[in-house]
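Computed from a predicted model, the values in this text were never measured in an experiment. Chain letters run A, B, ... following the sequence lines, proteins first, then strands; residues in each count from 1.
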Protein chains: 2
Amino acid sequence: MLPRTTEQNEKIKDERREQILFNALKIFARRGLVATKISDIARVSGFSQGLIYHYFNSKVDIYEELVARAIDNSSEMLLNLEQLPLPPLEKITFIAETIVDIIINQEDAAYYFLLITQAAVTENSSDSMAAMADDSFAPFQVMLRIITEGQQQGIISQDSPQDLTIIFWATINGLALNKVIEGNQFPHIDSKIIARIFK
Amino acid sequence: MLPRTTEQNEKIKDERREQILFNALKIFARRGLVATKISDIARVSGFSQGLIYHYFNSKVDIYEELVARAIDNSSEMLLNLEQLPLPPLEKITFIAETIVDIIINQEDAAYYFLLITQAAVTENSSDSMAAMADDSFAPFQVMLRIITEGQQQGIISQDSPQDLTIIFWATINGLALNKVIEGNQFPHIDSKIIARIFK
DNA sequence: GTCTATATCCAGATAGAC
DNA sequence: GTCTATCTGGATATAGAC
């Protein structure tokens, strides 16, 4: 048996990192940064507490990497959905449907949403995550643009676009939270209900 | 100057307790039980860390009293609103309006909502608060009843009452969260938008 | 690469002076 | 009733053996 190459070792190390990140996500999303113990992450991941520090420099490092991913993922998803060639109201309905769908079916999605919320509400704003709390958050901006377009076309209700956006994201975040709390008992919400907000 | 009577002392002690609870609420709601430090509560309240223990036995005691109040307050409010002599859809609209209103105008309301969420998601379910996570939570039940009634009368959309209830509370919780994050920048949401969910 | 100490720090809670 | 030590436990992070 030949010794492993450097690349193979790197690959294994990457997989371990991903495994740790995935386990950490679920705990951080529920408990937040401070209340999450390295020993919890280690135990769930199936190895000793000290070993975490072979893969990450600190607890905060893990947390920040996850928050960055949460923001990147959701921003990328919304910016992509925005490009779809659909009329505004249909686009919003499709976005709602897509998000509800991944919250239900993609195991980490609800946790990512919750993590963003946690990060925003905890206001450890020493770092980059303040970018999200304010309205420059890309998913927020995307919805504002679609709503405004729909209002110009007279398709979407003439309420304040900010209000509609806030309510939309409040609903999505609330659903993600519900999914995390309820787990598999969470029902498959009909996204048309959400779309009614805009009519 | 006469010495204070026992009753006067009790009154002062009660006021101090309320002051501590109010300050603690705002921190607990954002950070959760573990990440909140007694020294934070003490500093905001304007006295030494040790003095907290003159008024409460432990940090958990403060937290649990606040969670109990949050559950009691919201349950009482919803059960009262349910009694109003209004047709189902109007009742729901009025409930939405009332809740949005107190979230905006009553300083501690948004924090109480957020605290319930925090308690539910953190799953320290060693205690009484598990009662809320599941569907026996009174405000949840109230909405279910009103929706069911409205559906029998053909006034409310025939979607799953559970789904409608989940979306309604998801929206309310999301709004409370938004209020806490945004503070005074939070806009006065038109509750009619929320009521559209049910049409 | 993984584990078992262990150093260090910090927060909850207590004791005792004023 | 309030404050200033101080005890104690537990969590992060490090060191060093295997």
Please work out if A:Y55 contacts a base, only the sugar-phosphate, or nothing of the nucleic acid, heavy-atom cut-off 4.0 Å. sugar-phosphate
Do A:M143 and A:I92 come close enough that some side-chain heavy atom pair is under 4.5 Å?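 Of all side-chain heavy-atom pairs linking A:I92 with A:M143, at least one is under 4.5 Å.
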Give a yes/no answer on whether the side chain of B:H54 brings an N or O atom under 4.0 Å of OP1 or OP2 in D:dG1. yes
Show me the donor-acceptor pairs within less than 3.5 Å that the side chains of residues 16-24 of chain B make with the rest of the protein, sequence neighbours left out.
{"from": "B:R17", "atom 1": "NH1", "to": "B:Y55", "atom 2": "O", "distance (Å)": "3.0"}
{"from": "B:R17", "atom 1": "NH2", "to": "B:E65", "atom 2": "OE1", "distance (Å)": "2.9"}
{"from": "B:R17", "atom 1": "NH2", "to": "B:E65", "atom 2": "OE2", "distance (Å)": "3.3"}
{"from": "B:E18", "atom 1": "OE1", "to": "B:R69", "atom 2": "NH1", "distance (Å)": "3.0"}
{"from": "B:E18", "atom 1": "OE2", "to": "B:R69", "atom 2": "NH2", "distance (Å)": "2.8"}
{"from": "B:N23", "atom 1": "ND2", "to": "B:Q19", "atom 2": "O", "distance (Å)": "3.1"}
{"from": "B:N23", "atom 1": "ND2", "to": "B:S45", "atom 2": "OG", "distance (Å)": "3.0"}

Cut-off 3.5 Å, no hydrogens considered: what does the side-chain donor-acceptor table look like for residues 171-178 of chain B, sequence neighbours left out?
{"from": "B:T171", "atom 1": "OG1", "to": "A:T171", "atom 2": "OG1", "distance (Å)": "2.9"}
{"from": "B:T171", "atom 1": "OG1", "to": "B:I167", "atom 2": "O", "distance (Å)": "2.7"}
{"from": "B:N173", "atom 1": "ND2", "to": "B:W169", "atom 2": "O", "distance (Å)": "3.2"}

Pairs in or reaching into residues 81-103 of chain A: which pass salt bridge (Lys or Arg N to Asp or Glu O under 4.0 Å), with residues at least two apart or in two chains?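 Every pair satisfying salt bridge (Lys or Arg N to Asp or Glu O under 4.0 Å) with a residue in residues 81-103 of chain A: A:E82-A:R145.
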Closest nucleotide among D:dC3, D:dG1, C:dT2 to the B:F47 side chain: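 Among D:dC3, D:dG1, C:dT2, the one nearest the side chain of B:F47 is D:dC3.
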Which nucleotide sits closest to the side chain of B:R16: C:dG1, D:dT2, C:dC3? D:dT2
Let me know the distance between [atom1] of [X] and [atom2] of [N], rounded to the nearest Å.
X: B:K11; N: D:dG1; atom1: NZ; atom2: P; answer: 14 Å
X: A:R43; N: C:dC3; atom1: CZ; atom2: C1'; answer: 17 Å
X: B:D14; N: D:dG1; atom1: CG; atom2: C1'; answer: 15 Å
X: B:F56; N: D:dG1; atom1: CZ; atom2: C1'; answer: 15 Å
X: B:D61; N: C:dA13; atom1: CG; atom2: P; answer: 9 Å

Validation: residues 190-199 of chain A side-chain donor-acceptor distances under 3.5 Å, sequence neighbours left out:
{"from": "A:D190", "atom 1": "OD1", "to": "A:K192", "atom 2": "N", "distance (Å)": "3.0"}
{"from": "A:R196", "atom 1": "NE", "to": "B:K199", "atom 2": "O", "distance (Å)": "3.2"}
{"from": "A:R196", "atom 1": "NH1", "to": "B:D159", "atom 2": "OD2", "distance (Å)": "3.4"}
{"from": "A:R196", "atom 1": "NH1", "to": "B:I197", "atom 2": "O", "distance (Å)": "2.2"}
{"from": "A:R196", "atom 1": "NH1", "to": "B:K199", "atom 2": "O", "distance (Å)": "3.4"}
{"from": "A:R196", "atom 1": "NH2", "to": "B:S157", "atom 2": "OG", "distance (Å)": "3.3"}
{"from": "A:R196", "atom 1": "NH2", "to": "B:D159", "atom 2": "OD2", "distance (Å)": "2.3"}

Counting primed atoms, P, OP1 and OP2 as sugar-phosphate and everything else as base, the B/S/- map of nucleotides 4-18 of chain D against protein heavy atoms under 4.0 Å is B------SBBB----
Qualifying ring pair (Phe, Tyr, Trp, His ring centres under 6.0 Å) pairs, either residue in residues 98-117 of chain A, two or more places apart: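 Qualifying pairs: none.
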